[in-house]
S.K.: 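Quick one: the structure is below, and I'll ask about it shortly.
Naming: A, B, ... by sequence-line order, numbering from 1 per chain.
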There are 2 protein chains.
Amino acid sequence: MVETKPGTNLLFLRDEDLRQGIELLFFAYRDFTAEGDTILSKQKFGRAHHRVIYFVGQYPGMSVSNLLDILSITKQSLSRVLRQLVDEGYIDQQPGTRDRRQRLLTLTAKGKELEQLLTSEQRARIAAAYKNAGADAVEGFRKVMLGIMEDSARHRFNEDKT
Amino acid sequence: MVETKPGTNLLFLRDEDLRQGIELLFFAYRDFTAEGDTILSKQKFGRAHHRVIYFVGQYPGMSVSNLLDILSITKQSLSRVLRQLVDEGYIDQQPGTRDRRQRLLTLTAKGKELEQLLTSEQRARIAAAYKNAGADAVEGFRKVMLGIMEDSARHRFNEDKT
DNA sequence: TTTATAAGTCAGTATTATTGACATATATTA
DNA sequence: TAATATATGTCAATAATACTGACTTATAAA
């Protein structure tokens, strides 16, 4: 598919390779999100709820503005979704100790349960793909994905970049 | 991040690795689609139009039902989008020769122009990520992405699988 | 001739998202 | 302290995407 110039590490990037890259992203993401959406639609929630549940689960105590940055949506858009999740007991809000204007978000037990339900299929899907592809391939996957995202998002993945 | 068991090709898949995989997909896809969406919103079109333009551009003469399969949406959802694109002269429809019930789709010159505008940034983004990551990483990226998508989507990428 | 398929349409509804305009509480700065 | 900025929330109006269900038309296949 993608060939190395003999004796170098350069790539010949044909149009076809780039087209394929676009489609790899489209189909992988489509199938990656499909099942979670199905589960949620049975609970009157949508993909937006999934994302909120997911990120609050991963970063307990995160602020609303932090969540807005991650999701790249407006606070009015987040508002309805967050309100539902708080009202129905999936998410807790508590004022920040350092800055009492903040409303720090955490999952309740009920929220954690839903988070597990939603991400377990995605984790299994990633695990299967990783195992099948092998460790070197996973490292390549990481490199390319980091290259595709914006610089501003990349820092999240740099913890142990010794 | 992901480590090989010494002497084997197996992976230790920690929860943290799987969580990271989920986020790599989320952030890469978010940033990959953001600019195209911005361009389109200036023309009263949205991401759905983008996808239609893209796939019709890549597979000229594709049928409506084929497009529906790819997009995984209902024909009622596609209908509005397709109608707009046909009415405004971006896409041509012509009856199939073998099966005259079909309405085969192709881009007009105007459609091709928009397709170029929309995908050029995505191609550039992929090209930069590929170049930076190197040929081996790209091969790993392909393997993992193919593993993430459904079996039914994988055949698209198997042309030269000798 | 009956049945199935490809495509399209009409109606109703839900979800996600936007912009704009304000309001409240708290923090920071002059 | 007073003025300003920030974090969050809310109201209202609107748009885009998507769904289900019920039909219709044309053509193909059994």
Side-chain angles (χ1 to χ4, degrees), chain A residues 26 29-30 33-34 36-56 61-88 91-106, chain B residues 26 29-30 33-34 36-56 61-88 91-106:
Chain A
F26 175 78
Y29 194 78
R30 183 195 69 172
T33 53
D37 289 358
T38 307
I39 294 172
L40 276 166
S41 66
K42 287 171 191 155
Q43 322 212 0
K44 297 179 190 169
F45 289 155
R47 190 178 295 183
H49 301 82
H50 184 168
R51 292 191 290 235
V52 171
I53 289 273
Y54 174 80
F55 282 107
V56 173
M62 80 188 313
S63 68
V64 172
S65 57
N66 195 185
L67 184 55
L68 287 173
D69 281 348
I70 287 179
L71 300 178
S72 293
I73 57 174
T74 60
K75 70 177 164 178
Q76 295 93 326
S77 296
L78 177 59
S79 166
R80 182 188 51 86
V81 170
L82 192 52
R83 183 107 317 279
Q84 281 178 284
L85 291 171
V86 169
D87 287 350
E88 298 187 28
I91 284 180
D92 261 350
Q93 287 178 308
Q94 30 193 338
T97 47
R98 280 181 310 185
D99 185 338
R100 286 179 303 173
R101 291 172 302 181
Q102 296 182 320
R103 294 290 171 268
L104 305 184
L105 308 170
T106 48
Chain B
F26 174 79
Y29 195 78
R30 182 195 70 171
T33 53
D37 289 358
T38 307
I39 294 172
L40 275 166
S41 67
K42 288 171 190 154
Q43 322 212 0
K44 298 178 189 168
F45 289 154
R47 192 179 294 184
H49 300 82
H50 185 168
R51 294 192 289 236
V52 170
I53 289 275
Y54 174 79
F55 282 108
V56 174
M62 79 188 312
S63 68
V64 172
S65 58
N66 194 186
L67 184 55
L68 287 172
D69 280 349
I70 287 179
L71 300 178
S72 291
I73 58 174
T74 60
K75 69 177 164 177
Q76 295 92 326
S77 297
L78 176 59
S79 165
R80 182 188 51 86
V81 170
L82 192 53
R83 184 107 318 276
Q84 283 178 285
L85 291 170
V86 168
D87 287 351
E88 299 188 30
I91 285 181
D92 260 349
Q93 287 177 308
Q94 31 193 336
T97 47
R98 281 181 310 185
D99 185 338
R100 284 178 304 173
R101 291 173 302 182
Q102 295 183 320
R103 294 290 171 270
L104 305 183
L105 307 170
T106 49

S.K.: Would you say the rings of B:F55 and A:F26 are close, in the sense that their centroids are separated by under 6.0 Å?
M.R.: yes
S.K.: Could you pull out the closest heavy-atom pair between A:D37 and A:R47, with the gap in Å?
M.R.: OD2-NH2, 2.6 Å
S.K.: To the nearest Å, how far apart are A:I73 CD1 and C:dT19 P?
M.R.: 12 Å
S.K.: Generate the contact string for nucleotides 8-13 of chain D. Rules: B means base contact, S means sugar-phosphate contact only, - means no protein heavy atom under 4.0 Å.
M.R.: BBBB--
S.K.: Output yes when at least one side-chain N/O atom of B:H49 is less than 4.0 Å from OP1 or OP2 of D:dT17, else no.
M.R.: yes
S.K.: Among all residues two or more places apart in sequence or in another chain, which pass the side chain to side chain donor-acceptor pair (under 3.5 Å) test with B:R51?
M.R.: none
S.K.: Using whole Å, what does the distance between atom C1' of nucleotide D:dA16 and atom CG of B:L85 come to?
M.R.: 13 Å
S.K.: How close or far is atom P of C:dA7 from atom CG of B:L71, stated in whole angstroms?
M.R.: 13 Å
S.K.: Using a cut-off of strictly less than 4.0 Å, decide whether B:R80 has a side-chain nitrogen or oxygen near OP1 or OP2 of D:dT17.
M.R.: yes
S.K.: Can you tell me if B:S77 touches the phosphate of D:dT17, counting only side-chain N or O atoms and a distance under 4.0 Å to OP1 or OP2?
M.R.: no
S.K.: For the helix from C:dT1-D:dA30 to C:dA30-D:dT1, how many degrees between its two end axes (five pairs per end), to the nearest 10°?
M.R.: 30°
S.K.: How long is the line joining CG of A:L105 and C1' of D:dA7, in whole Å?
M.R.: 12 Å
S.K.: Taking all non-hydrogen atoms of both residues, which atom of B:T33 and which atom of B:R30 are closest, and how far apart?
M.R.: OG1-O, 3.2 Å
S.K.: If I take atom CG in residue A:L40 and atom C1' in nucleotide D:dC19, what distance separates them, rounded to the nearest angstrom?
M.R.: 15 Å
S.K.: Rounding to a whole Å, what distance do you find between A:L67:CG and D:dA7:P?
M.R.: 14 Å
S.K.: Please find the pair of heavy atoms, one from B:E88 and one from B:F45, that lie closest to each other, and give the distance.
M.R.: OE1-CZ, 3.7 Å
S.K.: Show every salt bridge (Lys or Arg N to Asp or Glu O under 4.0 Å) that has at least one partner inside residues 69-82 of chain A, sequence neighbours left out.
M.R.: none
S.K.: In whole angstrom, what separates A:R30's CZ from D:dT17's P?
M.R.: 18 Å
S.K.: Under the side-chain contact (heavy atoms from CB on, under 4.5 Å) test, which residues partner A:T74, sequence neighbours left out?
M.R.: A:Q76, A:S77
S.K.: Assess whether side chain to side chain contact (heavy atoms under 4.5 Å, CB included) is satisfied between B:V52 and B:L105, documenting all intermediate values.
M.R.: CA-CA 10 Å; B:V52 170; B:L105 307 170; 5.8 Å; no
S.K.: Kindly write out the residues that satisfy side chain to side chain donor-acceptor pair (under 3.5 Å) with B:D99, not counting sequence neighbours, or none if the list is empty.
M.R.: B:R101
S.K.: Measure the distance from CE on A:M62 to P on D:dA7 and round it to the nearest whole Å.
M.R.: 14 Å
S.K.: Could you pick out which residue, A:R100 or A:A48, lies toward the 5' side of DNA chain C when each is mapped onto its nearest nucleotide?
M.R.: A:A48
S.K.: Between C:dT19, C:dA27, C:dA6, which one does the side chain of A:T74 approach most closely?
M.R.: C:dT19
